[in-house]
Structures are given as structure tokens and as C-alpha cells.
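Comments concern the structure below.
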Amino acid sequence: MTTTTRIERHHYDVVVIGAGGAGLRAAIEARLAGKKTAIISKSLFGKAHTVMAEGGAAAAMGNVNSRDSWPVHFRDTMRGGKFLNNFRMAELHAKESPQRIWELETYGALFDRTKDGRISQRNFGGHEYPRLAHVGDRTGLELIRTLQQKIVSLQQEDRREHGSYDARIRVFAETTITELLLDGDRVAGAFGYYRESGEFILFEAPAVVLATGGVGRSYKVTSNSWEYTGDGHALALRAGATLINMEFLQFHPTGMVWPPSVKGILVTESVRGDGGILKNSEGKRFMFDYVPDVFRKQYADSEAEADRWYEDPDHNRRPPELLPRDEVARAINSEVKAGRGTPAGGVYLDIASRLPAEEIRRRLPSMYHQFKELADVDITREPMEVGPTCHYVMGGVEVDPDSGAAFGHVRGLFAAGEVSGGMHGSNRLGGNSLSDLLVFGKRAGGHAASYADGLASRPQVPVPAVETAVETALAPLQRDTGESPYVLQQDLQAVMGELVGIIRREGELVDALARLGELRERVAKVSAAGGRRYNPGWHLALDLRNMLVVSECTAKAALERRESRGGHTREDHPTMDPAWRRVNQVCSLEGDIVHLDRKPLPRMRPELFALFDRAELAKYLTDEELAEFDALTEEER
Amino acid sequence: MGTEKSQAAGAPATKRQFRIWRGDETGGDLKEYLVEVKEGEVVLDIIHRLQSTEAPDLACRWNCKAGKCGSCSVEINGKPKLACMTRMSTFTADETISVTPLRTFPIVRDLVTDVSFNYEKARETPAFAPPPGVTPGDYRMQQVDVERSQEFRKCIECFLCQTVCHVIRDHEENKPAFAGPRYFIRAAELDMHPLDARDDRKEYAQAEQGLGYCNITKCCTEVCPEHIKITDNGIIPMKERVVDRKYDPLVWLGNKIFRRGQVPQTSVTSEHSPGAVRAPAAGPPGFHSHAGASHDPKAEAQAQAGVNWHREVPKPTAPTLDESGKLPLTELTFDRPAAPSPFGEDVSFPLPPEHLNYAHPEQDKH
Ligand SMILES: Cc1cc2nc3c(=O)[nH]c(=O)nc-3n(C[C@H](O)[C@H](O)[C@H](O)COP(=O)(O)OP(=O)(O)OC[C@H]3O[C@@H](n4cnc5c(N)ncnc54)[C@H](O)[C@@H]3O)c2cc1C
Ligand code: SF4
Ligand code: SF4
Ligand code: FES
């Protein structure tokens, strides 16, 4: 095959890679700042992962319980992340989410309402008050559609002003970016291909915002789609940026486990928020046995109290089904391992015996629909069979909290949404992602725009880098001796699922690294059959190297972190170690070798520290830190 | 674990016959595949199995595999469906299952079509107009009032309704003037939005989106995986109220017809449409061409023939209204399938050109 390399070129001020919540919000901000903006997405416009989010978007608006406020939300977020969060991100997030949600209403969003006509908010695991703005159980759809329609409205403005919809903001759907191009240490552009035609495309732009989402495709049982191959993570690494917290992956406790074809697909947490309970095969409501000490104060210890909470949350403690996700996932895992699981290897999630059928259909319409059509299960009559599924990656690009600018030695690169790291610490609370997308999407878009403004000269795309990118992209098509990308993906998923899964052990992690090393050799020789037009085999072959490098980061970081915290559970180090709380593990790339460094966590500001009880902090902090805390509170008095 | 249950159910994996359309815009045909099928699987699983075995480059869109993103739309045994929501257990054991791309849109490759038509129509629909003077955070709406619009906002943009609608399914020529059911409900949604500041959504749908082409066959409602009542709750109320306000349907019809120098819109809703209305319920379709434009020569001829613009036209008569003062358009209470004509049962289409009172802007040149 000859390489006829026609490359379409475009010039933009800001290129946003990713058309989920974070990407669209960033693009809106960049366009509002007057920048010529491109949005790039691997799938069609409006199909990004955000569309699948069900439960809601967390924002302390205090519409349902007026005691809610940003400090409470901040506290819940830090608790959920086991104090490993970047405190500044958690603070900005808690403060700015309400405005970001209200802003969506001005774009046309229609959230469910309270009786007095405000945005209704629902309970969710780890949140002290009802806090999640929602639309039935299709909040993600509402969010992405609203942003999509806002972009259309900006395009309509541009058309009136400049005669073309695409004058200042253009969507490149079904286009995959394979490489970022640098001029020295400055971002100069992005290179990729149209999936439809297989033709190459080059964006020249001084500022790039990564909003590519997560990495879940490296696992077999996952709620994530084919898009989640860690492209943004890998692009950032290769451009000289760093990743943090890659050992923390969230396994959602309640994925469907039956029938097998839908294994991994999510059952929203609102099922539990609305009264659903977890039972093992013996019919026991087992979560009461799994409330960790740090949470005893907030969670009920009897069924009676737990049941009263739904009606009277101010005078009762919460049911343990609403513990943070990692706790619930681990509990289910233990029950199944102890032989008390269902035939399909999960546990029962029962809402049928808790609410009238009519009420279930009203509150959980898409769950009802999904179970009915996919599994032929009527959730108003029978319990569901659920088990943990890989869901979300807490780790991601290490960024400046205020601007979303990537750390490491690269300028002009920004990241927001699931691809960025730090905000959620070691574990994300449900509902915090959708608001994270809006808060940090806006910030990244705005700062990318001002960075582009501040440049004295536009960086130039170096020609050799483009040639290399073309060669790398075409290589799998030109080889016919290598293995099939599908086989390699299955092998990678097997390694990650079995050896770097929900419960980890030193020996297995060492083994995983060795196997990933072998896979790296095989992936380097992958070959894809067929041509360049819409060829999923070829696309997967190109995604594989990203999945691989990101998996290596996860395995390495998981091996090093000798404690259990949030989304990282070590069977050989089962407890939390306060010394490890002070440490972020930072991944960088040298050649194609993943390098791991330790870096101290930024110190929380005193007034934020003061939001917590000393007794609570004692569970997380080292003695040394506690002494500092005591000194601080002394001063204040 | 999972296998225990399937063994208990006594249903081991079996091989099933599939016919999948392979090709691109230059042509292609149905290829036969014999594929393993396990219990509890959906059609998308089978496509994935083919990709990872004998057909690694088989093109197909998907994302969520849970009926939430609307990516995996194809035609299964001729019926527009989501591949991820079509369970294999819905077919009989010896049935050959054909999977073909959406017929209404141009082929890209295999099961992937170029759906950009829909995104263009989305761009043309005027966006939400925020109420002036209401600051963010001060929006107040009652649940009952948002629910009507929320029904339409459930749309996952799978475009199954768009592909099934006979107005464009085999009529490429109607595409420029017709936005399709997905965008009628977008207009309806904004029309019913409690705080939208524009009040011309219905009129816009009628004048710019080609709402008049729709003759309420309800095929769109039938295929909608979100079970949105596209016709009953979206299209009909809009039609009803546009007619209501304009009062005189014939005058209105005259205003719109030939707007873009096109085939009279009424011709689409009459004679040659019934055949194209419903997709065959089952059975493999033959090869189908995606050439598009199957222009109706008769309508074309009529359009070209010209009319006598100075003739006498009969006075329009008001249609009968029901006790509420509206046209009796409610499908539920009506005595026949589909909705009655908003123009009265005694008017049939196409109208004879002599009955039109339209004055062509360039009539003097003729
Ligand atoms: C089933 C499910 C339910 C969830 N429920 C909730 C919930 O209730 N509440 C909550 O807060 N969170 C929830 N989440 C998490 C949340 O939905 C995601 O974390 C969030 O949507 C991620 O958004 P994003 O903007 O970062 O990326 P995404 O929405 O995933 O978008 C990524 C975009 O990047 C593009 N992209 C990726 N790689 C490339 C490339 N190489 N080139 C070009 N484009 C690329 C993709 O095409 C896509 O457009 C849920 C997640 C899942 C899977
Ligand atoms: S009712 Fe029939 S004609 Fe009208 S939009 Fe739906 S499918 Fe098309
Ligand atoms: S209205 Fe229904 S059929 Fe049409 S695009 Fe939306 S979800 Fe699909
Ligand atoms: S894959 Fe999302 S609807 Fe089928």
C-alpha cells in the first residue's frame, strides 16, 4: 500500500479534544472569550460518555435542605476521597457548582423541580444532604444535550454575524486525535484522522484542552464504552505532562451481572438512594456488617433507623447502602467471595419490596426500561442481580487547580473532566463528576483562551513530527504479520481484570507489570486488516498503545502504594496509612518507559482544616499533622 | 458463576445465521455469516463477536450498549432498531437475521451511515431563548409544567424516527424542506418550555421545518426506543394549534405551497406515499440501493406545468369544530386509525391546481 498522505489543515486558537460535558463546557467558554474553537470527538456529537450518567450532578444549592452549603459539600468530597483530594480543586468545585448548574437552566435545561418550583435535589452515596440536581435517571443526557444545544445557539449567533455556523466554533465528530504536536515545550497542534474516511487531519493551535474522559476499556467488566481507552492520559504523557493518582480506579458497586451480555452496565445509585437495599443469597441485608469506623457516626446501625431516614433524615442516620462506592463494592466482593453470592456472581439489589410499582416506574424510569428490555427483568417485581464494575478513574493529568493547566514540562496544555486528576482524591462521590465537568471545563476553556491571547508568537508545527505521526498511524495497516488488535485487547483486559482489579496483591502486581511488558512488544507489532475507511480494527490497534501505557501507570502506582485507600485496595496492606495520605504518586514518560515519582500533597489552608472535627481528622492525619492542627485551633481561640 | 445459570436454563451456545450488509457508497451486498450466539445476548454482541473473529473491519457504531446513547441504530430484518436493545431471544431459532444500515441516510461503510442531515436540521432549529430579566438561579417552574417538555428531552437522537419517516425515507428531494419528527419534537419541547421567550415555535415548525408534510402515519412513534409519543404529544398538538390560530387551512395551505419552487408538498402526503410508509415488519429485505432520489415524475410534471394564477377560487369554508372549539384531532377518540386530516375529511390531496389561490411572485413573466 502506498502512503498517499493528504493532510487536511485547520487553524484554531483553542482545540478541545473531547465532546463530553467537560469538553463542551470548555469550548463554550473559549468561544465566549472570542477564540476560534474546535471541538473534536471520537464518536458522533452528543454520544460521549457523559450521556450515560444517570444519577445527577452534585451542587450545594440547598433547595431541598437549606442547611446544605459549600463547606458541607467540600467536607463530603474530602471525606469521600479520603483526604487525598487536591483541596483547592475540591473547594472550587464545592463553591462554583451551584452557579454552573443554574447556568444550564439559562441554556434550556429542564431539571426535576421541588414543590416551590426550584431545582429538585436527591440523596446520593456520601453526600450529607440531598444534593444531586437530576432529571429522572437521565441527568447526563440532559447535561450533554443542553450543552450541545448551547453550542448550536452560539453557532446560530455566529451565522447571523459572520454568515457561517462554523465561523467561530466547529465540531469535528468521529475524528480521533492520535498525537499532540509540540514546538519546543509549547503545544503547537494536534494530529488525527477522520474515522469515516481514514484521512488525516492536522489542527494548528497554540492551546489544547484535553477532555477525553477515562480508561475503563482496559477492564472487561466495565460500564465504559469503546471510547475510554485513556487517549488523553497517554497524549498528555507523551507531550511531557504528568499523571497523578493513577492507582485509584472506581469500581461501581452495582453493575448488572446478568444476563452476561450486559455484564458491567450500570444500575444507578439512585436505586439505593430511593430505598433499594442489598441482600445476599441468604436474604440478609448485609451492609450493616461493613460500616467502617470512620463512618460509624453518620450511618445507621439498625434496619429500623435506616428505614426511618428516608422520611426523616434530620433525626436518623443514613442506611449503610449509601456508604461511599468503594466501601459498597468491597462489601459485595466479600459477600460473593464468602459464597453468599447469586448464581451469576453478584448480590441482590431489591427495590421491588420497598416501593410501590408505580412509584418505581416514576422515579427510575430508565432503570425500569433498561432492565425490562435488556434483561427481561421487571424491577418492580423481582430484585436485580448486581456486582462491581469498573467505572471511573480518579487519576489523571496533574493540573493547576485554578486554571486546569497541565504540570510537567509542557505549556499550552489544559485538562478537565475525568481525564484530569486530583479533584476526587482516592475516590469520587457519585454526582461529583457531572459538576466537576462544568466547573473545571469552564475554567480550562477560559484559561486556554487567555493563554492563547498572551502568546507573543504562535508556535509552529514541526514537519518531521507530522511525518512520524502519519507513519505511526499507518503502521498497523501496513503490517500483516502481527496479531489481531482484538486478541491483544482481550489479553490486556485479562491482565488488568485479574491482576490489577478491585483487590490487589504485591505478587500479582509484579506479575502484571511483567505481562504488560510482554504486551508492549506485541502491541508494537499489531496489524489491522482492511482499509482506512471506518475500520474499527485499525482504530482499536491505534488505541491499544494508549491503553497499554495508562495500564502500566496504574499497575506501577498500585504496586508502590502500600496501603488501602478509596479506589485502591491492597490485600497485603489492608488499612489506611496516614503517612501515605501525604503523598501523590506522579507518573511521567521517559522514552516509552513509565517513571514514577512521589510528591507531597499541597497543604490545606487552615480555615478549611477548621471545617472538620478533630476526631475525624485523627483517622486520616499523622500525629505530626494533628499537632499542627491543634496549634492552629489554639491560635484561633 | 454466570455459566451455572445458563446451564441451569439448559441453553448452550448455538450457531445462528446472519446476513449483514457489507459495502460502501459504491455498492455492496448482504454477506452470510454463521455466528455463535449465547443466552441473553443482543444483536450488538453478535456484531462484536464477528469483529473479533472473521470480520475485524466490520463497521458499526455503538457506545453505551444500554440504549442510552442512540449510536447503534440499524435495520434488523428491515425494521429500524437499536442493535444493543434487540435481544436474540426475540427471534425464532431458525430465523435468518438480516442487519442492514439505515436506509434514509447515505452509506459510509457497512452498517455506518452519514447522519449529518440530522445535525444540519438541529442547527437550523432556533435555540432556547432565555426569558429576559430572569437571573440564573431564579428560574421557577412547576414539575407538571416541565414534564411535557421533559418527555421530548428523553430523546437519545438515535434517528430511528427520522429513518422510518416516509416523507424522506425514499424521497431525497424532500430532505431540504423537511426537518423530520426528531426536530418537530424539539420545536414542541421549546414550545411547551415554561420559560422559553419565543412564542412562534409552532409557526416556525409549520413554515420552516415542513411540519405540513407529515400526515401523521405514526411510524416515528412506533420505532422510538424511548417510547416518546412523537405524534400524539408533539406533532398533533402543534398542528392542531397552528391550524387553530390561522383558522383557515386553505389560505394557509396556499401561502406555503410552492414556497421553494418545489414539488407541491401535498403530493407527498397523497398517492404515492402509502407504499413507503411502513417498513416491512419482518423478512429479509432485498438488496437495497441507497441512491436516494426516487423522484415522482408525475408530481414533478405537475409542478412544472404551471397554473392559471388569475382564476376564480372557491371560498374556503371553515372546518367543523368540536365542543371545545377546536378541530377534532385527538387520535384517541377518533373513529379511524391515524389522525383525521386537519383540512377536513372532504378535502383530498393533491388539491387541483385550479383551487389554489397562490400568486407566484414572478407570475407576470409566465
Ligand atoms: C454508566 C455511567 C454512569 C455515570 N453516572 C454518573 C452520575 O450519575 N453522576 C456523575 O457525576 N457522574 C457519573 N458518571 C461519570 C461521568 O459520566 C463521567 O465521568 C463524565 O461524563 C466524564 O465526562 P468527560 O467530559 O470528562 O468525558 P466524556 O463525556 O467521556 O467525553 C470524552 C470525549 O472525548 C472524546 N475523545 C476521547 N479520546 C479522544 C481522541 N483520542 N480524539 C478525539 N476525541 C477523543 C470522546 O469521543 C468523547 O467525546 C457515570 C459514568 C458512567 C459510565
Ligand atoms: S407521523 Fe409519519 S409522516 Fe409524520 S413525522 Fe412521523 S413518520 Fe413522518
Ligand atoms: S424521538 Fe425517539 S426515535 Fe426519534 S431520535 Fe429521539 S429517541 Fe430516536
Ligand atoms: S450502543 Fe448506545 S444505544 Fe445502543
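Every chain is numbered from 1 and lettered A, B, ... according to where its sequence line falls, protein lines coming before strand lines. Because the structure is a prediction, the values reported are computed rather than measured.
- Taking 4.5 Å as the heavy-atom cut-off, the residues of residues 179-193 of chain B that approach chain A are B:Arg182, B:Arg186, B:His193, ordered by number.
- In this structure, A:Thr50 has no side-chain hydrogen bond (donor to acceptor under 3.5 Å, both in side chains) partners at least two apart in sequence or on a different chain.
- Residues of residues 56-63 of chain B that come closer than 4.5 Å to chain A, counting heavy atoms only, are B:Pro56, B:Asp57, B:Leu58, B:Ala59, B:Cys60, B:Arg61, B:Trp62, B:Asn63, ordered by residue number.
- Not a single ring pair (Phe, Tyr, Trp, His ring centres under 6.0 Å) links A:Tyr194 to another residue, sequence neighbours left out.
- Look at A:Arg159 and B:Glu124 and you find no salt bridge, because none of the NZ, NE, NH1 or NH2 atoms lies under 4.0 Å from a carboxylate O.
- For B:Tyr119, the part sitting under 4.5 Å from any heavy atom of chain A is the side chain, from C-beta outward, and nothing else.
- In this structure, chain A has no heavy atom under 4.5 Å from any part of B:Pro131.
- Contacts between B:His48 and chain A at a heavy-atom distance below 4.5 Å are absent for every atom of the residue.
- For B:Ala55, no part lies near chain A; criterion is any non-hydrogen pair under 4.5 Å.
- The nearest pair of heavy atoms linking B:Tyr139 to A:Glu105 is CB-OE1, 3.3 Å.
- Interface residue B:Val112: only side-chain heavy atoms are found under 4.5 Å from chain A.
- One finds no salt bridge joining A:Asp137 and B:Lys68 here, because no Lys/Arg side-chain nitrogen approaches an Asp/Glu carboxylate oxygen to under 4.0 Å.
- Once rounded to the nearest 0.5 Å, the distance linking CD of A:Glu196 with OG of B:Ser116 reads 7.5 Å.
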